[in-house]
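Below is one structure; the comments refer to it alone.
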There are 2 protein chains.
Amino acid sequence: MRTAEREGQVQWALEICRSQGLRHTHSLARILQELVKKDNPVNLSELNKVLQAEAECDPATTYRCLIKLERIGVVRRLGLHDRAAYYVLLTPGSHHDYLICTDCGSIDRIDMECPVHALEESLQKKSGFRKLYHELEFYGQCPKCQRDV
Amino acid sequence: MRTAEREGQVQWALEICRSQGLRHTHSLARILQELVKKDNPVNLSELNKVLQAEAECDPATTYRCLIKLERIGVVRRLGLHDRAAYYVLLTPGSHHDYLICTDCGSIDRIDMECPVHALEESLQKKSGFRKLYHELEFYGQCPKCQRDV
DNA sequence: ATACATGCAAACATTTTGCTTTGGC
DNA sequence: GCCAAAGCAAAATGTTTGCATGTAT
């Protein structure tokens with residue numbers, strides 16, 4: 001991804017934040033930048049490793065920011081197998097499924113057409129649930145970890 | 001599910017445990033019984049609420065049992081959204097996807113043909129991952145929680 | 001000026017481990 | 001009798017909250 005493209009995503013997110021009444025603070029901007037830069041689910045401690053190291057924001061702040069961002073629909077929180085919660089930026093039209101190694105925990109985005117969209121719609125009608133979305137992850141042992149046994 | 005059927009599942013699981021070298025203890029049997037009875041993903045604290053109350057087994061024991069059960073392929077650990085680890089019995093031929101309420105946390109099993117199986121196979125070839133399986137969950141707001149707003 | 005956001009520290013929840021004792025084989 | 005499993009208690013990990021202070025609007 002090009003720098004300009006990243007910058008655009010950050011701007012897009014900040015725009016939504018502003019329109020939803022969040023204040024434009026240094027912490028918020030930095031968190032969004034990191035999320036865009038990683039371009040993959042990240043958990044709190046990973047984020048904090050970067051941000052705290054630079055004394056740019058406190059873990060509690062990161063945590064609270066992410067909650068707000070989730071509430072306004074800018075990020076999504078994923079429950080991957082780890083004990084930690086993971087967060088991804090929800091840029092428009094971007095939905096991703098993941099391939100995760102049960103041994104080393106590596107997370108790869110799967111580039112394929114998601115096969116679940118159609119079902120999601122019919123399920124929404126059948127179940128009466130609202131605001132439906134899904135999470136799809138494949139787990140297994142990655143090539144590297146197969147060798148390391 | 002009928003009692004006899006349940007009993008059969010427990011026996012099936014115990015059989016595998018034995019063949020894999022696990023000892024047939026009271027705790028193990030009780031944990032399997034609970035898992036069969038719930039017939040839905042359960043987390044540690046739910047299990048312990050029942051088992052500890054009856055002084056039937058210690059949380060640490062439950063925890064360690066589940067790890068063993070997972071290792072030998074009798075249960076699967078799921079990473080649902082509330083960050084507690086959930087466990088389900090993996091009876092042969094049973095794969096389930098879930099519909100989960102983001103508000104109250106209710107977990108419903110979805111009775112539909114899983115649309116991901118075919119993809120799983122091709123992904124296994126393409127990625128070089130081994131022992132691939134997937135986890136698919138739909139999240140949304142259930143009818144009851146829509147009313148409660 | 002006001003309300004929201006931050007930082008720090010402490011509280012919580014849950015999982016994981018160490019060690020001694022018990023009990024299945 | 002031997003070794004895996006259980007029980008108890010403590011450590012580790014990660015999340016969440018309280019409160020005083022700072023800062024965007």
Side-chain angles (χ1 to χ4, degrees), chain A residues 13-34 41-72 74-87 102 105, chain B residues 13-34 41-72 74-87 102 105:
Chain A
L14 280 172
E15 185 56 31
I16 296 185
C17 291
R18 206 174 52 74
S19 76
Q20 296 286 349
L22 300 199
R23 291 181 178 176
H24 182 325
T25 66
H26 177 67
S27 301
L28 178 63
R30 282 298 285 117
I31 290 167
L32 289 171
Q33 274 168 31
E34 276 313 305
V42 253
N43 61 29
L44 230 79
S45 32
E46 280 177 71
L47 275 176
N48 282 325
K49 237 177 272 167
V50 182
L51 298 175
Q52 210 179 3
E54 310 171 355
E56 300 208 88
C57 71
D58 185 86
T61 301
T62 312
Y63 172 71
R64 282 190 269 227
C65 265
L66 287 168
I67 289 183
K68 287 176 216 156
L69 288 170
E70 189 188 9
R71 199 176 50 229
I72 66 176
V74 172
V75 309
R76 171 162 298 161
R77 175 178 162 163
L78 302 178
L80 306 186
H81 261 182
D82 220 323
R83 234 179 339 107
Y86 280 76
Y87 298 85
T102 44
Chain B
L14 281 172
E15 185 55 32
I16 297 185
C17 291
R18 207 175 51 75
S19 76
Q20 295 286 347
L22 299 199
R23 291 177 179 180
H24 183 324
T25 67
H26 178 67
S27 300
L28 178 62
R30 283 298 286 115
I31 290 167
L32 288 172
Q33 274 168 32
E34 276 312 306
V42 254
N43 61 30
L44 229 78
S45 31
E46 280 178 70
L47 275 175
N48 283 324
K49 240 177 269 168
V50 182
L51 298 176
Q52 209 179 3
E54 309 170 357
E56 300 208 90
C57 70
D58 185 86
T61 301
T62 311
Y63 172 71
R64 282 190 268 229
C65 263
L66 287 169
I67 289 183
K68 288 176 215 154
L69 289 170
E70 191 188 6
R71 200 177 49 228
I72 67 177
V74 171
V75 310
R76 172 163 298 163
R77 175 180 163 163
L78 303 177
L80 305 185
H81 252 181
D82 64 3
R83 271 178 352 285
Y86 279 75
Y87 297 86
T102 43

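In this text, all values refer to a predicted model and were calculated from it rather than measured experimentally. These values consider heavy atoms only, across backbone and side chains, with no hydrogens, waters or symmetry-generated copies. Naming: A, B, ... by sequence-line order, numbering from 1 per chain.
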Every protein N/O lying under 3.5 Å from an N/O of nucleotides 1-4 of chain C:
unit_1, atom_1, unit_2, atom_2, d
C:dA3, N3, A:R23, NH1, 3.3
C:dC4, O4', A:R23, NH2, 3.3
C:dC4, O2, A:R23, NH1, 3.2

Polar atom pairs (N or O), protein with nucleotides 8-10 of chain C, under 3.5 Å:
none

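A heavy-atom distance below 4.5 Å is found between the side chains of A:L44 and A:Y87. Looking only at side-chain heavy atoms (C-beta outward), A:T25 and A:T61 stay at 4.5 Å or farther from each other.
Between B:E70 atom CD and C:dT16 atom C1' the separation is 15 Å, expressed in whole Å. Taking atom CG of A:L44 as the reference point, atom P of C:dA13 lies 19 Å away to the nearest angstrom. In this structure, the CG atom of A:L51 is 14 Å from the C1' atom of C:dT6, given to the nearest Å. The distance from atom CG of A:D82 to atom C1' of C:dT16 is 14 Å, rounded to the nearest whole Å. Between the CG atom of A:N48 and the C1' atom of D:dT15 there is a distance of 11 Å, rounded to whole Å. The CZ atom of B:R71 sits 14 Å away from the P atom of C:dT16 (whole-angstrom rounding). The distance between atom CG of B:L47 and atom C1' of C:dT15, rounded to the nearest whole Å, is 14 Å. For A:R30 and C:dT6, the CZ to C1' distance is 16 Å, given to the nearest whole Å.
A salt bridge links A:E15 with A:R18: the closest approach of a Lys/Arg side-chain nitrogen to an acidic carboxylate oxygen falls below 4.0 angstrom.
Between A:Y63 and D:dT16, a side-chain N or O to OP1/OP2 separation shorter than 4.0 Å is present. Contact annotation: B:T61 side-chain N/O to D:dA5 OP1/OP2 distance is not under 4.0 Å.
A:H24 comes within 4.0 angstrom of the backbone, heavy atoms only, and of no base. If you check every strand for non-hydrogen atoms under 4.0 Å, A:S45 touches nothing.
The two residues A:G79 and B:H81 have their closest heavy-atom pair at N-CD2, 3.4 Å. Contact between B:E46 and B:V42 at its shortest, heavy atoms only, is OE1-CG1, 3.6 Å.
Residue A:T25 places its side chain closer to C:dA5 than to any other of C:dA5, D:dA5, D:dG14. When distances are taken from the side chain of B:A84 to each of D:dA6, C:dG7, C:dT15, the shortest belongs to C:dT15.
In this structure B:H26 satisfies the ring pair (Phe, Tyr, Trp, His ring centres under 6.0 Å) test with no other residue, sequence neighbours excluded.
With B:T62 as the fixed residue, the side chain to side chain contact (heavy atoms under 4.5 Å, CB included) test singles out one of B:L28, B:V50, B:I67, B:L51: B:L51.
One finds the CG atom of A:L80 at 11.5 Å from the CG atom of B:L80 (value rounded to the nearest 0.5 Å).
The base of C:dT15 lies outside donor-acceptor range of the side chain of A:R83, with no N or O pair under 3.5 Å.
For B:P59 and B:H26, each mapped to the nucleotide of DNA chain C holding its nearest heavy atom, the one lying further toward the 5' end belongs to B:P59.
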